[in-house]
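Accompanying notes for the structure given below.
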Amino acid sequence: MTQRHDVVIVGGGLVGASLAIALDRLGIDTGLVDAAPPTAMPPVFDQRNLSFAAATVNALTTLGVMQKLHAPAGPIRRIHISRQGDFGRVRLDAADYGRESFGQVVVARDFGEALEARLGELRHVTRYRPARFIALEEGSADARRLRLAGETGEQSLEARLLVAADGTRSQLRDALDIGVREHDYGQTLFVARVRAEHAPDGTAYERFTAAGPTALLPRGDRHFGAIHGVPTAAAGAVAALDEAGWLARLQAAFGWRIGRFLASGERSAYPISRVVAERLTAPRAVLMGNAAQTLHPIGAQGFNLGLRDALTLAELLEAGGTDPGADSLLRAYAQRRAEDRERTLAFSDGLARLTANSAPMLRPLRSLGLAAVDLSPTLQAFLVGGAMGFRGDVPALCREVAA
C-alpha cells in the first residue's frame, strides 16, 4: 500500500529538518525522507561552524530548536572586514543598531543534535530513514508519487506537494528535469576549530585574499571557527601540513589581531562551486536550500537563505487553502523567493569574485570602497540588513521571537 502525505520532504539535513518542524507546528501531515539511519547524523552535521543571522535565530527559537542546543552559541556582536594588501576596513557594531548581536555561531554537529531532539517531539511528521530517493513514478491527478529504497526494500509514497531539500547534487531536482547553472570558483575551504592568545570577544573577522577568504568566527567554547580558502590546486599540500605548518599559514593570511594561533583541531576541506537551479518549481514540487541554490560561503548566507525558503513555504501553506500543491501556491512561492534569492546570489558571487581578483588596478578601488563603507551609515545599514537576514520579503517567523 502506498503511503500518502500532504507534503513529502526529500532530505533530512539543515533545511529539510527545519521545514518539517515548521510544518508540524501547522498540523500538516508530512513525510521526511532521510538517507541517514537513526543511529547516525547526516554528513552535513559535522564540525563546520554555522553563522546564524539574527532573523534565523528568531525563527529557530520560535520553532523550539535553539533551546535544544547543548553547547553554547557564540554571539556575533561585531564584524570586522578587511582585505590583505589593501588599505581600508569595515567595522560594524550591533550596539550601534540597538542590537545585542548580529547573529550567533553554532557548530553544525550541535545544531544537528538539537534538530534531532526537536524532531523526536513532532506529532505530524513520519520519518523514513534510512531511505533514499530512487525515481518519480506515475502519480494521480492531485499527487506526485516517488519510489524510495530502504533497509527492507523499496516503497512508494504519494505527496500532494513534493519538496526537494536533498542538497547540491539533488537527485530529485534531476528527476524533475530542472537544470542548473554552475561555476567552479577554483577554491577549497579548510575548516577547523582553533585557539589563539586572545579568546573571542564577539567579533567575527572576514579577511579577503587573492586565494579566497579567511574568516574567524567567535564560537561559544572560547575557540574560533577558522575558515581558510586556498586555490584548489594547493589543497593537497595544505591538507598535508602538520599542525604547526597549518597554524603558520593561517597566521600569515589573517595577521595578528587576536595574537598568535596556539592550537588547531582537525581540518576538513570543502571544494567550492556555485550551483543555481534554473527554476524553483515543477508541478506539485518545489526546490529549496542547496537543491535550489548553493552559494559561495563568503558572507555566510547559504543556510540563512535556505531557511527563509523553508519558512516562506510554510507561511504560504498556512494561508494557502486546502491544496498544498496548487499551482497558485507554487507561483506565489517562486515570486516571493525571487528578490531575496537573486540579491543574495548576486552579493555572494560578486563579493567572491571581486575580493579574489588580484588585478593591481582593482586594489585602490577596493580600498576606497572599504573606506567608504566604514564611513557611510547608509552603506553600513545596507550591509547590516543583509547580514541579519532582514532585507526584502522576510517570513514572519524571522521577524521576532514568538512569546
Side-chain angles (χ1 to χ4, degrees), residues 44 46-51 76 79-86 88-90 105 107-108 168 182-194 196 203-219 223-243 245-258 261 264-276 290 293-305 344-359 362-363 366-367 369-370 387:
V44 70
D46 56 15
Q47 290 302 312
R48 276 176 288 189
N49 303 284
L50 304 174
S51 181
I76 300 174
I79 299 174
H80 186 288
I81 305 169
S82 63
R83 188 185 188 278
Q84 190 177 54
D86 297 354
R89 59 186 177 181
V90 175
V105 177
V107 179
T168 303
E182 295 193 42
H183 173 73
D184 184 350
Y185 288 101
Q187 297 175 2
T188 295
L189 293 190
F190 284 85
V191 176
R193 185 182 76 154
V194 300
T203 302
Y205 296 93
E206 186 94 51
R207 177 76 164 162
F208 302 124
T209 75
T214 294
L216 288 179
L217 301 176
R219 292 168 50 126
H223 288 70
F224 288 93
I227 304 164
H228 179 55
V230 307
T232 296
V238 174
L241 291 173
D242 60 13
E243 182 179 5
W246 156 248
L247 291 175
R249 182 184 178 94
L250 196 61
Q251 194 90 63
F254 179 74
W256 296 85
R257 291 177 182 83
I258 57 173
F261 290 110
S264 174
E266 183 180 352
R267 280 162 273 160
S268 300
Y270 305 94
I272 302 304
S273 294
R274 183 178 191 260
V275 181
V276 180
N290 282 346
Q293 63 274 317
T294 298
L295 318 183
H296 194 295
I298 198 169
Q301 291 297 306
F303 171 66
N304 295 294
L305 181 63
T344 305
L345 283 166
F347 174 79
S348 170
D349 185 57
L351 192 61
R353 293 175 189 256
L354 176 65
T355 57
N357 193 318
S358 58
L362 286 178
R363 289 183 60 186
R366 277 194 304 258
S367 298
L370 288 171

Is there a donor-acceptor contact under 3.5 Å from the side chain of Arg249 to the main chain of Leu241?
no
At what distance, to the nearest 0.5 angstrom, does CG of Leu189 lie from CD1 of Ile272?
3.5 Å
Hey, mind stepping through Phe190 and His228 against ring pair (Phe, Tyr, Trp, His ring centres under 6.0 Å) and telling me if it holds?
CA-CA 5 Å; Phe190 284 85; His228 179 55; 7.4 Å; no
Say you draw a straight line from CD of Gln293 to OG1 of Thr168; how long is it, rounded to the nearest 0.5 Å?
10.0 Å
Classify the ring geometry of His296 against Tyr185: parallel below 30°, tilted from 30° to 60°, perpendicular beyond 60°.
perpendicular
Closest heavy-atom pair, Ser51 versus Ile76, reported as atoms and distance to 0.1 Å, is OG-CD1, 3.4 Å
So how far is it from Arg274 CZ to Thr294 OG1, rounded to the nearest 0.5 Å?
10.5 Å
Under 3.5 Å, is there a donor-acceptor pair between the side chain of Glu243 and the main chain of Ser264?
yes
Closest approach of Ala253 and Thr214, non-hydrogen atoms and distance?
CB-OG1, 3.7 Å
Between Arg207 and Phe254, the two heavy atoms sitting closest are NE-O, 3.9 Å
Tightest non-hydrogen contact, residues Arg267 and Val238, listed as NH1-O, 2.9 Å
Should Thr203 and Ile258 be marked as a side-chain contact (heavy atoms from CB on, under 4.5 Å) after you check the CA-CA gap, both sets of side-chain angles, and the distance that decides it?
CA-CA 10 Å; Thr203 302; Ile258 57 173; over 6 Å; no
Closer than 3.5 angstrom, by distance alone: can the side chain of Gln251 be matched with the main-chain N or O of Phe261 as a donor-acceptor pair?
yes
For Phe224 and Arg219 the tightest heavy-atom approach is C-CD, 3.6 Å
Looking only at heavy atoms, the pair that brings Arg48 and Val191 closest together is CA-CG1, 4.0 Å
Examine distances only and state if a side-chain atom of Thr232 and a backbone atom of Gln187 form a donor-acceptor pair shorter than 3.5 Å.
yes
dist Leu217:CG -> Glu206:CD (nearest 0.5 Å) comes out at 8.0 Å
Asn49 side chain to Pro218 main-chain N or O, any donor-acceptor pair under 3.5 Å?
no
